[in-house]
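Values below: every heavy atom of this structure, side chains too, minus hydrogens, waters and symmetry copies. Chain naming here is simple, since letters A, B, ... match the order of the sequence lines and numbering starts at 1 in each. In this text the structure is predicted, and so the values were computed from the model without any measurement.
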Amino acid sequence: MTESVSAPEAYAVLGREFYDRDPLRVAPELLGKLVIRGRRVGRIVEVEAYRGSEDPASHAYRGKTRRNATMFGPPGRLYVYFTYGMHWCANAVCWPDGRAGAVLLRALAPEQGLDEMSAMRPKARHTRDLCSGPAKLCQAFGLDGSFDGADLVSGAGDIVIASDGVAPPRSPGRSERIGVTPSTGVRWRWWWPGDPNVSRPSAGKRVPERRDRHARPGAQRKAQPAAD
DNA sequence: TTGAGGATTCTC
DNA sequence: AGAATCCTCAAA
(Lines give C-alpha, C1' and ligand atoms only; values in the text may rest on other atoms or scores of the structure.)
Protein backbone atom coordinates (compact mmCIF):
# COMPACT_ATOMS: atom_id res chain seq x y z
CA MET A 1 0.00 0.00 0.00
CA THR A 2 1.51 3.26 -1.02
CA GLU A 3 0.09 6.16 0.90
CA SER A 4 1.50 8.71 -1.45
CA VAL A 5 -1.49 8.35 -3.73
CA SER A 6 -4.94 8.39 -2.26
CA ALA A 7 -7.62 6.30 -3.87
CA PRO A 8 -10.91 7.09 -2.21
CA GLU A 9 -12.96 5.42 -4.94
CA ALA A 10 -12.67 2.09 -6.64
CA TYR A 11 -9.82 2.93 -8.92
CA ALA A 12 -7.82 0.31 -10.77
CA VAL A 13 -4.32 1.51 -11.58
CA LEU A 14 -3.37 0.60 -15.14
CA GLY A 15 -0.81 -2.18 -15.37
CA ARG A 16 2.49 -2.23 -17.19
CA GLU A 17 1.02 -4.21 -20.09
CA PHE A 18 -1.39 -1.40 -20.90
CA TYR A 19 1.51 0.80 -21.93
CA ASP A 20 3.63 -1.92 -23.51
CA ARG A 21 2.04 -1.42 -26.94
CA ASP A 22 2.03 0.86 -29.96
CA PRO A 23 1.29 4.44 -28.84
CA LEU A 24 -1.33 4.58 -31.58
CA ARG A 25 -3.34 2.03 -29.67
CA VAL A 26 -2.59 3.29 -26.19
CA ALA A 27 -3.52 6.90 -26.93
CA PRO A 28 -7.24 6.56 -27.71
CA GLU A 29 -7.64 4.08 -24.87
CA LEU A 30 -6.29 6.60 -22.40
CA LEU A 31 -9.34 8.79 -23.02
CA GLY A 32 -11.54 8.54 -19.93
CA LYS A 33 -8.76 7.29 -17.66
CA LEU A 34 -7.84 9.17 -14.48
CA VAL A 35 -4.64 10.96 -13.64
CA ILE A 36 -4.30 10.89 -9.87
CA ARG A 37 -1.87 12.78 -7.70
CA GLY A 38 -2.83 12.98 -4.06
CA ARG A 39 -6.17 14.76 -3.86
CA ARG A 40 -5.97 15.94 -7.45
CA VAL A 41 -7.85 13.85 -10.00
CA GLY A 42 -8.36 14.64 -13.67
CA ARG A 43 -9.96 12.63 -16.44
CA ILE A 44 -7.98 12.41 -19.68
CA VAL A 45 -9.91 14.05 -22.51
CA GLU A 46 -7.21 14.77 -25.10
CA VAL A 47 -4.04 12.92 -26.14
CA GLU A 48 -1.47 12.66 -28.91
CA ALA A 49 0.65 9.67 -29.93
CA TYR A 50 4.36 9.90 -30.72
CA ARG A 51 6.09 6.95 -32.29
CA GLY A 52 9.73 7.56 -31.48
CA SER A 53 12.23 6.51 -34.09
CA GLU A 54 9.57 6.16 -36.78
CA ASP A 55 8.04 9.57 -36.15
CA PRO A 56 9.75 12.77 -37.40
CA ALA A 57 7.67 14.79 -34.94
CA SER A 58 8.89 12.82 -31.93
CA HIS A 59 11.69 14.02 -29.69
CA ALA A 60 13.12 10.52 -30.02
CA TYR A 61 13.31 10.58 -33.82
CA ARG A 62 17.00 11.44 -33.91
CA GLY A 63 18.02 9.00 -31.26
CA LYS A 64 18.48 8.92 -27.52
CA THR A 65 19.63 12.04 -25.72
CA ARG A 66 19.68 13.06 -22.11
CA ARG A 67 16.41 14.89 -22.51
CA ASN A 68 14.41 12.08 -24.12
CA ALA A 69 16.06 9.12 -22.36
CA THR A 70 12.91 8.26 -20.42
CA MET A 71 11.07 7.59 -23.66
CA PHE A 72 13.56 4.85 -24.45
CA GLY A 73 13.06 3.23 -21.07
CA PRO A 74 10.39 0.85 -19.76
CA PRO A 75 6.71 1.54 -20.47
CA GLY A 76 4.37 2.97 -17.88
CA ARG A 77 6.63 5.78 -16.80
CA LEU A 78 6.13 9.50 -17.12
CA TYR A 79 8.21 11.41 -19.68
CA VAL A 80 8.28 15.08 -18.69
CA TYR A 81 10.05 17.62 -20.85
CA PHE A 82 10.64 21.36 -20.76
CA THR A 83 9.82 23.60 -23.70
CA TYR A 84 9.46 27.21 -24.83
CA GLY A 85 11.62 28.32 -21.95
CA MET A 86 8.85 28.02 -19.39
CA HIS A 87 6.55 25.06 -19.86
CA TRP A 88 6.53 21.43 -18.81
CA CYS A 89 4.63 18.71 -20.69
CA ALA A 90 3.93 15.13 -19.61
CA ASN A 91 3.70 11.87 -21.54
CA ALA A 92 2.99 8.24 -20.75
CA VAL A 93 5.85 6.11 -22.09
CA CYS A 94 4.84 3.23 -24.36
CA TRP A 95 6.43 0.26 -26.12
CA PRO A 96 8.93 -2.09 -24.47
CA ASP A 97 12.18 -1.05 -22.87
CA GLY A 98 14.61 0.14 -25.54
CA ARG A 99 11.97 1.26 -28.03
CA ALA A 100 10.89 4.89 -27.80
CA GLY A 101 7.22 5.85 -27.85
CA ALA A 102 4.87 8.04 -25.84
CA VAL A 103 1.43 9.54 -25.47
CA LEU A 104 1.28 13.25 -24.72
CA LEU A 105 -1.36 14.21 -22.16
CA ARG A 106 -2.94 17.29 -23.74
CA ALA A 107 -5.97 17.94 -21.57
CA LEU A 108 -7.82 16.72 -18.49
CA ALA A 109 -11.28 17.27 -17.11
CA PRO A 110 -10.72 18.31 -13.47
CA GLU A 111 -12.67 16.01 -11.15
CA GLN A 112 -11.24 16.35 -7.66
CA GLY A 113 -8.90 18.68 -5.82
CA LEU A 114 -9.88 21.69 -7.93
CA ASP A 115 -8.82 23.98 -5.12
CA GLU A 116 -5.26 22.71 -5.32
CA MET A 117 -5.29 23.01 -9.09
CA SER A 118 -6.56 26.57 -8.93
CA ALA A 119 -3.85 27.48 -6.46
CA MET A 120 -1.26 26.27 -8.96
CA ARG A 121 -2.90 28.18 -11.80
CA PRO A 122 -3.87 31.62 -10.50
CA LYS A 123 -4.53 32.86 -14.02
CA ALA A 124 -7.33 30.38 -14.57
CA ARG A 125 -10.73 32.02 -14.39
CA HIS A 126 -12.83 28.99 -15.14
CA THR A 127 -12.61 25.32 -14.36
CA ARG A 128 -12.01 24.71 -18.03
CA ASP A 129 -8.84 26.82 -17.82
CA LEU A 130 -7.20 24.54 -15.27
CA CYS A 131 -6.11 21.60 -17.42
CA SER A 132 -7.04 22.48 -21.02
CA GLY A 133 -3.55 22.16 -22.46
CA PRO A 134 -0.41 20.04 -22.01
CA ALA A 135 1.46 22.71 -20.05
CA LYS A 136 -1.61 23.81 -18.14
CA LEU A 137 -2.27 20.37 -16.72
CA CYS A 138 1.34 20.11 -15.63
CA GLN A 139 0.97 23.38 -13.75
CA ALA A 140 -2.29 22.28 -12.17
CA PHE A 141 -0.79 18.97 -11.04
CA GLY A 142 2.59 20.43 -10.11
CA LEU A 143 4.46 18.28 -12.62
CA ASP A 144 7.99 19.37 -13.50
CA GLY A 145 11.34 17.84 -14.34
CA SER A 146 11.50 16.03 -11.03
CA PHE A 147 8.66 13.83 -12.29
CA ASP A 148 10.51 12.72 -15.40
CA GLY A 149 10.77 8.96 -15.13
CA ALA A 150 8.12 8.61 -12.42
CA ASP A 151 6.50 5.19 -12.48
CA LEU A 152 2.79 5.45 -13.21
CA VAL A 153 2.20 1.81 -12.33
CA SER A 154 3.76 1.36 -8.90
CA GLY A 155 2.62 4.70 -7.54
CA ALA A 156 6.05 5.25 -6.04
CA GLY A 157 6.36 8.42 -8.07
CA ASP A 158 3.38 10.08 -6.36
CA ILE A 159 1.31 9.91 -9.57
CA VAL A 160 -0.68 7.13 -11.25
CA ILE A 161 -3.10 6.64 -14.11
CA ALA A 162 -6.14 4.55 -13.24
CA SER A 163 -9.51 3.44 -14.52
CA ASP A 164 -12.81 3.83 -12.71
CA GLY A 165 -14.65 1.81 -15.31
CA VAL A 166 -15.46 4.63 -17.70
CA ALA A 167 -14.87 3.41 -21.24
CA PRO A 168 -13.21 5.50 -23.96
CA PRO A 169 -15.64 7.18 -26.34
CA ARG A 170 -16.86 4.96 -29.14
CA SER A 171 -16.17 7.66 -31.72
CA PRO A 172 -13.48 9.97 -30.36
CA GLY A 173 -12.61 13.23 -32.06
CA ARG A 174 -9.55 12.85 -34.19
CA SER A 175 -7.18 15.19 -36.01
CA GLU A 176 -3.61 15.94 -36.84
CA ARG A 177 -1.35 16.71 -33.92
CA ILE A 178 -1.01 20.27 -32.69
CA GLY A 179 2.10 22.38 -32.82
CA VAL A 180 4.26 19.86 -34.65
CA THR A 181 6.29 21.25 -37.52
CA PRO A 182 6.07 20.21 -40.19
CA SER A 183 2.75 18.50 -40.01
CA THR A 184 3.38 14.88 -40.85
CA GLY A 185 -0.11 14.39 -42.26
CA VAL A 186 -1.13 11.75 -39.76
CA ARG A 187 -4.09 12.09 -37.43
CA TRP A 188 -2.60 10.99 -34.14
CA ARG A 189 -4.56 13.29 -31.85
CA TRP A 190 -7.70 12.09 -30.12
CA TRP A 191 -10.17 13.82 -27.84
CA TRP A 192 -13.39 13.31 -25.95
CA PRO A 193 -16.13 14.80 -28.14
CA GLY A 194 -17.81 17.82 -26.67
CA ASP A 195 -15.68 18.06 -23.56
CA PRO A 196 -15.10 21.72 -22.66
CA ASN A 197 -11.54 21.04 -21.49
CA VAL A 198 -10.23 20.01 -24.90
CA SER A 199 -7.52 22.47 -25.88
CA ARG A 200 -8.66 23.00 -29.46
CA PRO A 201 -12.20 21.71 -29.86
CA SER A 202 -12.75 22.21 -33.56
CA ALA A 203 -9.80 21.56 -35.79
CA GLY A 204 -6.40 20.03 -35.75
CA LYS A 205 -3.92 22.66 -36.75
CA ARG A 206 -4.56 26.33 -37.05
CA VAL A 207 -2.90 27.00 -40.38
CA PRO A 208 -3.92 28.96 -43.47
CA GLU A 209 -5.84 26.11 -44.98
CA ARG A 210 -9.43 27.05 -45.51
CA ARG A 211 -9.88 24.32 -48.01
CA ASP A 212 -10.30 21.77 -45.27
CA ARG A 213 -13.38 23.54 -44.01
CA HIS A 214 -15.38 22.69 -47.06
CA ALA A 215 -13.83 19.38 -47.86
CA ARG A 216 -16.36 16.60 -47.86
CA PRO A 217 -15.75 13.47 -45.84
CA GLY A 218 -14.80 11.30 -48.76
CA ALA A 219 -12.91 13.99 -50.59
CA GLN A 220 -9.75 14.19 -48.53
CA ARG A 221 -8.69 10.73 -47.70
CA LYS A 222 -5.14 11.18 -46.59
CA ALA A 223 -2.75 8.38 -46.07
CA GLN A 224 -3.72 6.89 -42.74
CA PRO A 225 -0.98 4.72 -41.34
CA ALA A 226 -2.12 1.61 -39.56
CA ALA A 227 -3.82 3.12 -36.57
CA ASP A 228 -6.65 0.81 -35.67
C1' DT B 1 31.23 27.74 -26.50
C1' DT B 2 27.59 29.31 -29.50
C1' DG B 3 23.27 29.75 -31.70
C1' DA B 4 18.82 28.29 -33.37
C1' DG B 5 14.54 26.54 -32.22
C1' DG B 6 10.89 24.52 -29.51
C1' DA B 7 4.80 18.55 -28.63
C1' DT B 8 2.88 26.49 -25.25
C1' DT B 9 0.43 30.05 -22.95
C1' DC B 10 -1.05 34.63 -22.27
C1' DT B 11 -1.94 39.26 -23.59
C1' DC B 12 -2.48 42.85 -26.80
C1' DA C 1 -0.23 38.45 -33.90
C1' DG C 2 3.79 38.59 -30.70
C1' DA C 3 6.25 38.20 -26.47
C1' DA C 4 7.92 35.55 -22.73
C1' DT C 5 12.02 32.71 -21.58
C1' DC C 6 15.69 29.06 -21.16
C1' DC C 7 16.83 24.36 -21.90
C1' DT C 8 18.66 21.18 -25.36
C1' DC C 9 21.46 19.68 -28.93
C1' DA C 10 24.39 19.83 -32.89
C1' DA C 11 28.06 22.13 -34.77
C1' DA C 12 32.10 24.92 -34.57
Side-chain angles (χ1 to χ4, degrees), chain A residues 19 22-24 26-28 30-31 35 42 44-73 77-95 100-108 110 117-150 173-191 196-210 225 227:
Chain A
Y19 303 96
D22 190 327
L24 291 187
V26 175
L30 274 174
L31 294 177
V35 175
I44 300 173
V45 295
E46 183 184 350
V47 293
E48 283 177 357
Y50 288 85
R51 296 181 91 216
S53 312
E54 309 166 21
D55 181 358
S58 172
H59 291 163
Y61 184 58
R62 291 168 200 288
K64 188 176 181 178
T65 67
R66 195 157 87 193
R67 179 206 207 190
N68 65 27
T70 298
M71 252 202 290
F72 287 82
R77 307 230 281 228
L78 201 62
Y79 166 51
V80 182
Y81 67 87
F82 185 74
T83 190
Y84 291 109
M86 63 195 89
H87 295 307
W88 297 98
C89 296
N91 304 249
V93 174
C94 301
W95 265 336
V103 174
L104 173 67
L105 305 178
R106 284 201 57 93
L108 310 177
M117 297 183 196
S118 299
M120 300 297 284
R121 283 191 45 72
K123 289 174 184 172
R125 296 210 205 171
H126 310 273
T127 297
R128 63 174 178 274
D129 295 327
L130 292 175
C131 300
S132 54
K136 293 180 187 178
L137 69 88
C138 281
Q139 286 179 27
F141 277 72
L143 303 179
D144 59 19
S146 67
F147 281 80
D148 184 38
R174 190 171 173 188
S175 77
E176 292 188 9
R177 293 170 294 183
I178 297 192
V180 299
T181 54
S183 173
T184 53
V186 293
R187 293 157 59 220
W188 291 352
R189 169 182 178 242
W190 291 265
W191 69 88
N197 300 280
V198 172
S199 65
R200 284 165 180 71
S202 56
K205 184 102 162 71
R206 227 165 57 77
V207 293
E209 282 184 335
R210 295 182 172 277

Among C:dT8, C:dT5, B:dG6, the one nearest A:T181 by side-chain distance: B:dG6
Short side-chain N/O contact from A:H59 to OP1 or OP2 of B:dA7, under 4.0 Å: yes
Closest listed nucleotide, where the reference is the side chain of A:F82 and the choices are B:dA7, C:dC7, B:dC10: C:dC7
Nucleotide of B:dA7, B:dC10, B:dT9 approaching A:A135 most closely (side-chain heavy atoms): B:dT9
Distance below 4.0 Å between A:K136 side-chain N/O and B:dC10 OP1 or OP2: yes
Integer-rounded Å distance: B:dA7 C1' and A:Y50 OH: 4 Å
CZ (A:F82) with more than 12 external heavy atoms under 6.0 Å: yes
Carboxylate-amine/guanidinium contact A:R106 A:E48, below 4.0 Å: yes
Shortest side-chain distance from A:M86, nucleotide among C:dA4, C:dC9, B:dT8: C:dA4
Selected nucleotide, minimal atom distance to A:T65 side chain, candidates C:dT8, C:dT5, B:dA7: C:dT8
Sugar-phosphate only, base, or nothing, as touched by A:R121 at under 4.0 Å among non-hydrogen atoms: sugar-phosphate
Nucleotide nearest A:R67 when distance is taken to its side chain, options C:dT8, C:dC7, B:dT9: C:dT8
Atom-to-atom span, CZ of A:R128 to P of B:dC10 - whole angstrom: 13 Å
Ring centres under 6.0 angstrom apart (A:H59, A:Y50): no
